[in-house]
Amino acid sequence: MENLENVRNIGISAHIDSGKTTLTERVLFYSGKSHSIKEVRGEGAKMDHMELEKERGITITSAATTVQWLDKKINIIDTPGHVDFTVEVERSLRVLDGAVLVLCAVAGVQSQSITVDRQMKRYRVPRLAFINKMDRTGANPQNVISQLESKLGLTTVPIQLPIGGEADFGGVIDLINREAVYFEGDKGLTVRREPIPAEFVEASDRARQGMLEALSLVSDRIMELLLEEQEVPLDLIHSTLREATIAQQICPVLVGSAYKNKGVQLLLDAVNAYLPSPLDREIHAKDNDDGMAEVPLAADPEKPMVAMAFKLVEEAFGQVTYMRIYQGTLKKGQFYWNSRQRKKARISRILRVHADEKEDIDFAGAGDIVAVMGIECATGDTYCDEGTNYSLESIYAAEPVIDLAVSPNKRGDQDKLSKALNRFMREDPTFRVHVDKETSETIISGMGELHLEIYVERIRREYKVDCTVGMPKVSYREAPTKATSFDYKHRKQTGGSGQYAHIKGILEPMPEDSPEPFIFENEVTGGRIPSEYIPSVEKGFRDSLHKGPVAGFEVLGVKMILQDGSYHDVDSSDMAFQICARDCFRETFRKADPVLLEPIMKVEVEVPTEFQGPVTGAISSKRGVILGTEGRGQFSVIMAEVPLSEMFGYSNDLRSMTQGKGSFSMEFLKYQKLPARFQEDIVKKVQLEKAKA
């Protein structure tokens with residue numbers, strides 16, 4: 001078995017166009033995994049192996065690979081930067097031990113950098129920051145470092161300084177070893193270390209002192225040495241950097257230019273030196289047989305096997321399931337227990353993956369990331385040795401905000417379309433499909449226009465099904481605005497045993513920022529309603545949330561307080577109380593002055609400064625609220641909150657306004673009350689559609 005201290009599981013994450021995939025291609029080249037460097041623009045990067053990725057020059061699915069750097073084995077996942085594919089980043093970070101946050105030296109911390117940072121914090125993933133594109137005009141690493149601190153709240157510790165910048169970017173100064181490092185020869189393969197040039201000595205001494213002072217805040221030993229004005233030993237600097245990074249007290253910052261082949265080898269050295277091995281992470285599972293008690297997992301190949309299925313891909317020869325093994329050893333041909341499905345499954349093949357190439361192996365140990373075949377499961381399922389029944393915390397999936405109706409052009413293609421949609425739903429937890437009961441249309445829901453556009457294109461290419469796609473629809477929500485009491489009786493007598501249920505209480509609106517969409521409180525005393533019927537009342541209320549009475553949208557922000565009621569010894573039943581609660585909810589909700597809520601997107605637009613005025617004006621005309629603007633060299637960045645309904649087709653509008661030079665990104669922020677005049681239009685539209693159906 002390999003020494004787990006020498007294993008690193010890392011993800012490379014960033015905003016769109018920060019150079020993640022270019023960086024990963026350099027890593028493959030320098031580690032000897034590939035013999036030539038492929039570019040994202042051009043013949044297409046190795047890690048972007050889907051046809052669509054090569055055509056568009058974007059990463060759509062996360063790709064895994066394994067490289068050897070010096071004495072360490074590094075499992076790398078290259079993740080997409082576009083917010084529409086955020087689940088790919090989410091599930092990758094869920095199973096990784098460390099991450100590299102890539103930032104553009106010009107643009108700095110952008111909207112998706114903030115989202116990725118939030119995901120890293122959610123799963124407590126230590127990270128290094130790599131400021132890329134140091135060769136670009138307007139590169140300002142100091143500005144990026146201050147944004148990391150102000151926008152992300154990180155304690156940064158720069159361990160390198162750039163030598164020159166923009167077109168004159170020549171290499172980096174290693175502050176720990178006090179050396180200038182240059183990258184020469186074919187594709188920067190030769191790393192040359194020299195004394196620091198005279199003009200950079202003063203700045204590097206100052207920066208090194210700043211680095212040591214930052215480390216002294218997490219190390220008493222370094223603090224003592226600095227106070228005594230003694231030299232700090234190199235091994236103490238390295239060990240402090242490693243311990244503080246793993247404890248997420250600091251974020252070491254490195255600089256470079258992946259495209260110009262500068263700084264990548266030093267980044268790999270830092271991954272080896274400062275990011276955790278599987279032995280350094282504390283992972284807990286819940287024991288399903290012991291009341292969900294927390295159980296620590298150890299990266300020990302001899303203990304019972306525990307692994308998580310974090311990504312599913314349907315391929316020509318069956319479902320490939322990507323797994324992270326947390327404990328024990330996964331063996332080919334063995335049966336393992338799926339704790340969610342409560343059944344056994346046999347692993348027929350184990351594969352070591354390099355982008356779209358796979359190599360068969362017989363077993364994989366704790367700390368490994370592999371692909372397996374022969375099992376049917378869902379994203380986030382836990383697999384254990386028989387006799388163990390653990391489950392790991394699942395993967396967070398954001399709620400979809402946009403709907404499209406799809407129908408095949410040929411009736412005979414309906415089966416193929418269903419097959420494709422079922423597959424995509426299993427693979428991607430943020431992609432949902434349902435059939436509208438009233439119109440019988442198949443509705444797909446996702447994170448944005450691009451998200452759904454890519455899936456429709458994949459249905460056409462991979463399943464040869466041409467579809468008609470309806471106009472995008474916004475997923476509105478319904479919410480009450482005033483507290484309303486209810487007193488509702490359900491009575492039905494049709495000979496034989498009848499139905500009787502009676503409930504009293506209050507419907508209360510919840511604050512807009514409440515994390516829960518629905519809360520049920522039981523205040524019934526003295527057995528006025530038998531305790532076995534209380535869950536039936538809650539179930540009836542919950543069943544009513546899927547389709548609100550105003551316009552048929554999902555209901556949010558409701559607190560139902562059950563205070564009193566009555567029952568009948570013979571006629572009351574579980575079903576009677578469920579029906580009573582459903583009918584009561586519909587009637588009471590209408591009296592609570594319900595409103596429609598619309599999804600508000602956080603939008604970040606980057607445009608050449610001369611177009612700032614018209615673009616800002618256009619955002620305001622879309623009911624957008626401008627939060628602020630920021631200058632980045634020749635460009636201005638406009639931050640705004642805009643209703644999703646106003647953002648359809650915005651990419652074309654922005655292109656025409658900025659001569660093709662503007663770009664934007666957006667992500668879901670919150671639900672907010674829709675102005676009354678728009679609410680009337682939407683309700684009328686829904687009623688018209690129902691009448692046509």
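The basis for the numbers below is simple: all heavy atoms, side chains too, and nothing from hydrogens, waters or symmetry mates.
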Query raised in the report: If you look at every heavy atom in I77 and L96, which pair is closest and at what distance?
Result: CD1-CD2, 4.1 Å

Query raised in the report: Around atom NZ of K151, are there more than 12 heavy atoms of other residues, nucleotides or ligands at under 6.0 Å?
Result: yes

Query raised in the report: Is there a side-chain contact between L644 and M666, using heavy atoms and a 4.5 Å cut-off?
Result: yes

Query - CZ/R528: more than 12 non-hydrogen atoms of other groups inside 6.0 Å - result: no

Report task. Answer yes or no: is there a side-chain heavy-atom contact under 4.5 Å between C377 and Q319? Result -> yes

Query - Partner of N288 by side-chain contact (heavy atoms from CB on, under 4.5 Å), out of T382, N389, T388 - result: N389

Query raised in the report: Would you call K311 and E88 a salt bridge, using N to O less than 4.0 angstrom?
Result: yes

Query - Criterion side chain to side chain contact (heavy atoms under 4.5 Å, CB included) on F577 and I529, from CA distance to verdict - result: CA-CA 10 Å; F577 273 95; I529 299 175; 3.9 Å; yes

Report task. Establish, yes or no, whether the cationic atom of R324 lies under 6.0 Å from the six-membered ring centre of Y326 and within 45° of the ring axis. Result -> yes

**Report entry** Side chain T321, main chain A309, donor-acceptor under 3.5 Å
**Finding:** no

Query raised in the report: What residues, two or more places apart in sequence or in another chain, satisfy side chain to side chain donor-acceptor pair (under 3.5 Å) together with K622?
Result: none

Query raised in the report: Is a donor on one side and an acceptor on the other found under 3.5 Å between the side chain of R91 and the backbone of G380?
Result: no

Query - Spacing of CD1 belonging to I682 relative to CG belonging to L674, to within rounding of 0.5 Å - result: 4.5 Å

Requested in this report: Could you tell me which non-hydrogen atom of E427 sits nearest to which non-hydrogen atom of T379, and how far apart they are?
Outcome: O-OG1, 3.8 Å

Requested in this report: Under the side chain to side chain contact (heavy atoms under 4.5 Å, CB included) rule, collect the residues that match up with E532, sequence neighbours excluded.
Outcome: P530

Report task. Indicate yes or no for a side-chain donor-acceptor contact from R281 to the backbone of R124 under 3.5 Å, with no hydrogens or angles considered. Result -> yes

Report task. Evaluate the salt bridge (Lys or Arg N to Asp or Glu O under 4.0 Å) criterion for residues K602 and E641: first the C-alpha distance (whole Å), next the side-chain angles of each, then the deciding distance (0.1 Å), finally the verdict. Result -> CA-CA 5 Å; K602 184 167 131 201; E641 291 177 7; over 6 Å; no

**Report entry** Backbone N/O of S418 and side chain of N422: donor-acceptor pair under 3.5 Å
**Finding:** yes

Query - Distance in Å, C467 SG paired with Y455 OH, rounded so as to fall on 0.5 Å steps - result: 14.5 Å

**Report entry** Spacing of E554 atom CD and H546 atom NE2 [to the nearest 0.5 Å]
**Finding:** 7.5 Å

Requested in this report: Look at the side chain of Q563 and the backbone N and O of E523, then say whether any donor-acceptor pair between them is shorter than 3.5 Å.
Outcome: no

Query - Nearest-0.5 Å distance, CD1 of residue I600 to OG of residue S645 - result: 7.5 Å

Query raised in the report: Would you say E604's side chain and Q112's backbone share a donor-acceptor pair under 3.5 angstrom?
Result: no

Requested in this report: Just do the side chain to side chain contact (heavy atoms under 4.5 Å, CB included) check on E587 and K591 with the steps written out, would you?
Outcome: CA-CA 7 Å; E587 185 182 280; K591 294 175 186 168; 3.6 Å; yes

Query - Residue pair D583, R586: steps toward the salt bridge (Lys or Arg N to Asp or Glu O under 4.0 Å) verdict - result: CA-CA 5 Å; D583 294 348; R586 266 197 292 274; 3.2 Å; yes

Query raised in the report: Do you know the tightest heavy-atom contact between D574 and Y533?
Result: N-CE2, 3.6 Å

Report task. Decide if atom NZ of K416 counts as having more than 12 heavy atoms of other residues, nucleotides or ligands within a radius under 6.0 Å. Result -> yes

Query raised in the report: Which heavy-atom pair separates L452 from I444 by the least distance, and what is that distance?
Result: CD1-O, 4.0 Å

Requested in this report: Apply the test salt bridge (Lys or Arg N to Asp or Glu O under 4.0 Å) to residues K121 and D117: give CA-CA distance (whole Å), side-chain angles for both, the deciding distance (0.1 Å), then the verdict.
Outcome: CA-CA 6 Å; K121 285 173 181 161; D117 173 72; 2.8 Å; yes

Requested in this report: Can you measure from NE2 (H490) to CG (D571) and round to the nearest 0.5 angstrom?
Outcome: 10.0 Å

Report task. Compare all side-chain heavy atoms of Y650 with those of V642 and state whether any distance is below 4.5 angstrom. Result -> no

Query - Student check: side-chain heavy atoms of K489 and Y500 closer than 4.5 Å - result: yes

Requested in this report: Would you indicate whether the side-chain heavy atoms of S407 and T468 approach each other to under 4.5 Å?
Outcome: yes

Query raised in the report: Do M323 and I375 touch side chain to side chain, with heavy atoms closer than 4.5 Å?
Result: yes

Requested in this report: Dump the intermediate steps for side chain to side chain donor-acceptor pair (under 3.5 Å) on Y383 and N338, then the final yes or no.
Outcome: CA-CA 5 Å; Y383 279 88; N338 181 321; 3.2 Å; yes

Query raised in the report: Under 3.5 Å, is there a donor-acceptor pair between the side chain of S572 and the main chain of A501?
Result: no

Query raised in the report: Looking only at atom types and distance, does a side-chain atom of T484 sit under 3.5 Å from a main-chain N or O of K482, one as donor and one as acceptor?
Result: yes

Query raised in the report: Strictly by modelled atom types, are D564 and H502 linked by a side-chain donor-acceptor pair under 3.5 Å?
Result: no

**Report entry** Residue pair D543 / K539, side-chain heavy-atom distance below 4.5 Å
**Finding:** yes

Report summary line: For I402 and G448 the tightest heavy-atom approach is CG2-N, 3.4 Å

Query - Exercise: identify the closest heavy-atom pair between I347 and Y336 - result: CG1-CD1, 3.5 Å

Report task. Would you verify whether the NZ or CZ of R623 falls within 45 degrees of the ring axis of F678 while also being under 6.0 Å from that six-membered ring's centre? Result -> yes

Query raised in the report: Do side-chain atoms of Q327 reach the backbone of P304 as a donor and acceptor pair under 3.5 angstrom?
Result: yes

Query - Derivation and outcome, side chain to side chain contact (heavy atoms under 4.5 Å, CB included), residues I459 and F424 - result: CA-CA 10 Å; I459 290 166; F424 295 147; 3.6 Å; yes

**Report entry** F664 side, atom CZ; M601 side, atom CE - distance, nearest 0.5 Å
**Finding:** 9.5 Å

Query - Heavy-atom donor-acceptor pair, E386 side chain to W337 backbone, under 3.5 Å - result: no

Query raised in the report: Would you say K670 has more than 12 foreign heavy atoms packed within less than 6.0 Å of its NZ?
Result: yes

Query - Test log, rule side chain to side chain contact (heavy atoms under 4.5 Å, CB included), inputs F541 and I503 - result: CA-CA 12 Å; F541 286 149; I503 55 175; 3.9 Å; yes

Requested in this report: With sequence neighbours left out, write down each residue that passes side chain to side chain contact (heavy atoms under 4.5 Å, CB included) with S620, or none if nothing qualifies.
Outcome: I626

Query - Within-4.5 Å side-chain heavy-atom neighbours: E393 and R94 - result: yes

Query raised in the report: With a cut-off of 6.0 Å (strictly less than), are more than 12 heavy atoms of other residues, nucleotides or ligands near OH of Y671?
Result: yes

